[in-house]
Amino acid sequence: MIEAEALRKEFDGFLAVDNLHLHVPAGSVLALLGPNGAGKTTTVRMLTSILAPTSGTARIAGYDVIRDPAMVRSKVGVLTEQHGLYERMKGLEYLDFFGEVYKIDKATRRKRALDLMDRFGLTFALDKRLGEYSKGMKQKLALVRALLHNPPVLLLDEPTSAMDPLSAKQVRDAIVELQRDERTFMITTHNLTEAQMLADQIAVIRHGRIIAHGTMAELARQFVGEPVMELKINGGLNGLAAQLSDRVTITDAGLNWLRYSTPDPEQTNPALLRHLTALGVEVVTLAPITRTLEDIYLQVVKEDEG
Amino acid sequence: MTAISRSSWRDTLANALIITRREVRDSFRDWRIIAPIVVLTFLFPALAQFVAARFSAFLTGFGAEIIGDRTIPFLLMIVGFFPISISLVIALETFVGEKERRSLEPLLSTPLTNTELYIGKTLAAMIPPLVSSYGGMFVYLLSLLGGELEWRPAPMLVVQIILLTTVQALVMVTGAVVVSSQTTSTRAANLLASFVIIPMALVVQGESVIMFLAPDADSPYGIGALWAIMVGMIVAVVLFLRVGNTIFNREELLGRALDQINLKNFFGKVWRAFRSIDRDGTPAPNLWVWYTRGMAFTLGRMRSAIGVTIMVFLIAFIGGLAIGQLPEWRLPFDFTILGTINPSQATVFNEFLGSGFEAQAIGFIAAQNGRILLAALLLSVFSFGVMALVLTPAVYVILGYIASQVATTGTGLALISAAILPHGVIEIPMIVIATAAALRLGAVVTRPPDQMTVGQAWTFTFGETLKILIGLILPMLIFAAVLESVLTPRVVLWVLGGS
């Protein structure tokens with residue numbers, strides 16, 4: 001798991017990360033969102049013991065990033081924003097080199113490399129020089145490198161940014177599968193749809209500070225209000241909105257539809273449907289209005305600017 | 001060495017060699033590295049041997065066999081040197097090139113330690129050029145044995161040239177690491193590499209001259225001057241290794257994003273250090289606090305440097321005394337004449353003192369001392385502090401030597417004391433402190449304090465050095481110059497019985 005307490009990093013008078021608190025339990029995914037230069041990369045580097053925090057503490061898989069840097073680095077798989085592969089090496093040779101660095105014995109590292117290459121559809125490129133790899137292939141290979149030593153914690157910077165939809169799905173599926181295997185993930189991304197699909201927790205970082213943190217539902221409630229439902233019926237409303245206003249908060253209405261907000265749709269919606277049936281209203285659809293992570297993110301940033 | 005530390009060193013080396021193997025393999029896949037290595041290993045030595053044979057034959061025709069003979073080992077040195085010049089290119093490539101291509105960060109995310117990465121990359125930069133260099137020298141010597149020349153190298157000279165080549169490669173690689181760490185692009189690193197190339201070119205030129213002119217060129221123990229150069233370069237390597245190992249850390253490598261000059265920020269930090277009265281950089285609220293607390297704080301931080309400087313000065317002085325005791329170094333001078341002065345001499349002396357001499361002397365003495373200390377400071381910055389402990393202590397060797405000459409005759413000790421002590425009680429401590437400040441400013445990059453990068457440590461130390469120089473050294477040196485111009489001559493005259 002990942003734990004950070006009051007983490008702070010200052011470069012020559014520039015405050016890159018300030019008072020960062022995180023708690024990501026084993027088997028969950030945190031999406032760290034934020035504009036460029038917000039402090040995401042610095043956070044990842046502190047959590048991998050590459051940069052020493054100016055103050056505060058962090059523990060990765062139980063190891064302190066300041067006191068046990070080597071152990072921390074051995075427990076973390078990192079996908080950096082720039083994949084930085086050695087272009088003159090071949091795929092398998094590259095993985096063999098990193099496997100050796102991680103002290104994996106020759107047979108095991110070869111097996112793991114072959115398995116992972118196969119899983120990400122790279123078997124055909126085992127003996128190709130990395131300079132010949134496409135951008136997406138390079139990203140996949142960098143991900144394979146991050147997974148090679150079987151780390152319990154994975155810090156992935158834009159894991160699918162250069163990939164085609166099929167490859168991106170392969171990676172997302174792999175993340176979900178690994179998550180089931182109790183791996184902890186921190187993903188920094190600008191792809192909000194992907195973050196929404198994968199993350200159990202979302203944190204928004206801006207100017208080095210976490211300005212929002214919680215589950216998707218918590219953030220939605222906090223920043224874009226209670227869930228909004230849309231009800232469509234057969235025929236006109238004919239005063240229905242007024243009749244329902246003591247049960248839910250009507251936010252909008254049209255000829256044959258209305259929208260209402262409710263703090264607890266699981267309780268409210270069945271009760272409302274029963275009431276409508278009793279009134280003889282024919283319900284065509286009752287569906288939540290989708291609030292995307294993008295809506296939430298934009299609202300979070302707007303409020304922070306505000 | 002304990003079993004644990006032995007095994008830990010073995011692990012370090014084993015891990016470093018993982019990096020080395022990869023990098024060497026990678027280097028040998030680059031035709032830009034392979035092509036010159038092949039040419040310099042196989043073609044150039046044969047060409048050099050051919051040139052040596054022709055040159056030697058040509059010179060023999062003019063009765064200058066000795067130059068012809070000395071060209072042969074000289075060319076051996078050149079054959080060895082040319083390939084190792086590639087080490088600089090490889091070093092810049094493996095350190096800053098990798099940083100530029102962003103392939104360093106995945107490596108920094110592994111459990112390898114900074115030292116392992118540093119050793120691994122340093123070896124990788126050295127091995128291909130050294131293999132080529134040794135190979136080239138071997139081919140040259142082989143072609144010499146099979147060729148028409150009768151000259152055969154002295155074994156020690158060959159050993160010396162091989163060692164010299166190795167040390168030169170080390171200097172260039174370790175120097176290149178220091179250069180690389182201060183840049184984020186290969187272009188900038190190549191420009192900064194002139195700080196390594198120019199001194200090295202001068203050293204090789206010097207070695208060339210020595211190989212031709214050394215009186216001990218045929219000695220079975222090798223050429224003494226070349227051994228001395230080798231020792232000097234080993235000192236440079238040790239310092240470079242120390243700085244390199246300090247600088248080659250994750251924080252330094254990834255903390256620097258741009259090679260951008262930010263003078264405002266730099267001078268802001270220097271000013272902060274200049275005004276600071278404690279470790280947190282609290283600025284002095286007024287001049288009194290700055291003097292009483294700020295100066296004491298900085299002098300306290302300088303205690304190790306002051307201690308080392310005093311020790312070196314004492315060694316220099318004792319060394320001067322010892323040299324003066326050697327019969328061949330004794331001055332043929334009658335020191336007994338220093339004991340007295342006659343009335344007419346005293347009158348001339350007094351008139352001279354009253355003629356406006358003091359005012360001129362104050363400026364001259366202060367400027368002279370200031371010049372020496374400034375030179376020591378500047379040279380110290382470029383030599384990691386070494387030159388601070390070479391330039392100023394040289395004066396104390398001379399002082400020790402003069403003192404020994406005076407002491408040998410048993411006369412004139414009072415006079416020497418009178419000529420030094422009245423101003424020396426101020427001047428000598430100031431020179432010690434100024435030298436210590438110069439030493440500290442040069443050496444701080446080799447070991448920055450915890451939680452500070454090399455740049456931060458140097459900037460802070462620079463501010464503190466200015467504080468000491470402006471607040472303490474400069475006023476006290478002017479005061480010492482006043483004493484030396486006004487008081488010391490009169491004390492000397494009094495000791496001589498002239499007033």
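A, B, ... follow the sequence lines: proteins, then strands. Residue 1 opens every chain. All values below come from the heavy atoms of this structure, side chains included, with hydrogens, waters and symmetry mates left out.
With rounding to the nearest 0.5 Å, the separation of OH in A/Tyr86 from CD in B/Glu98 is 3.5 Å. Atoms CZ and CZ, on B/Arg22 and A/Arg88 in that order, are 8.5 Å from each other to the nearest 0.5 Å. Separation of atoms CZ (B/Arg21) and CD (A/Glu100) is listed at 5.0 Å; rounding is to 0.5 Å. Between the CG atom in B/Asn15 and the NZ atom in A/Lys103 there is a gap of 3.5 Å [rounded to 0.5 Å]. Distance CZ/A/Phe97 to CD1/B/Ile19: 4.0 Å, rounded to 0.5 Å. Put simply, CZ on A/Arg145 and OG on B/Ser109 are 7.5 Å apart, with the number rounded to the nearest 0.5 Å.
In this structure, A/Arg129 places its CZ atom where more than 12 heavy-atom neighbours from other residues, nucleotides or ligands lie under 6.0 Å away. With a 6.0 Å radius and a threshold of 12 heavy atoms from other residues, nucleotides or ligands, B/Phe28 has its CZ atom above the threshold. A 6.0 Å sphere centred on CZ of B/Arg272 holds no more than 12 heavy atoms belonging to other residues, nucleotides or ligands.
Here the side chains of B/Glu105 and A/Arg45 are in contact, with some heavy-atom distance below 4.5 Å.
Using a 4.5 Å cut-off between heavy atoms, A/Thr42 makes no contact with chain B at all. Proximity to chain B involves both the backbone and the side chain of A/Ser74, based on heavy atoms less than 4.5 angstrom apart. In this structure, chain B has no heavy atom under 4.5 Å from any part of A/Glu87. No part of A/Lys75 comes within reach of chain B, as not one of its non-hydrogen atoms sits under 4.5 angstrom from that chain. For chain B, no part of A/His149 is nearby; none of its heavy atoms comes within less than 4.5 Å.
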side-chain contact (heavy atoms from CB on, under 4.5 Å) evaluation trace for B/Arg29 with A/Met89: CA-CA 9 Å; B/Arg29 281 175 181 156; A/Met89 290 182 100; 4.0 Å; yes

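Interface check for chain B: of the options A/Ile50, A/Thr54, A/Thr80, the most heavy-atom pairs under 4.5 Å are formed by A/Ile50.
Between A/Gly84 and B/Pro106, the shortest heavy-atom distance links the atoms O-CG, 4.1 Å.
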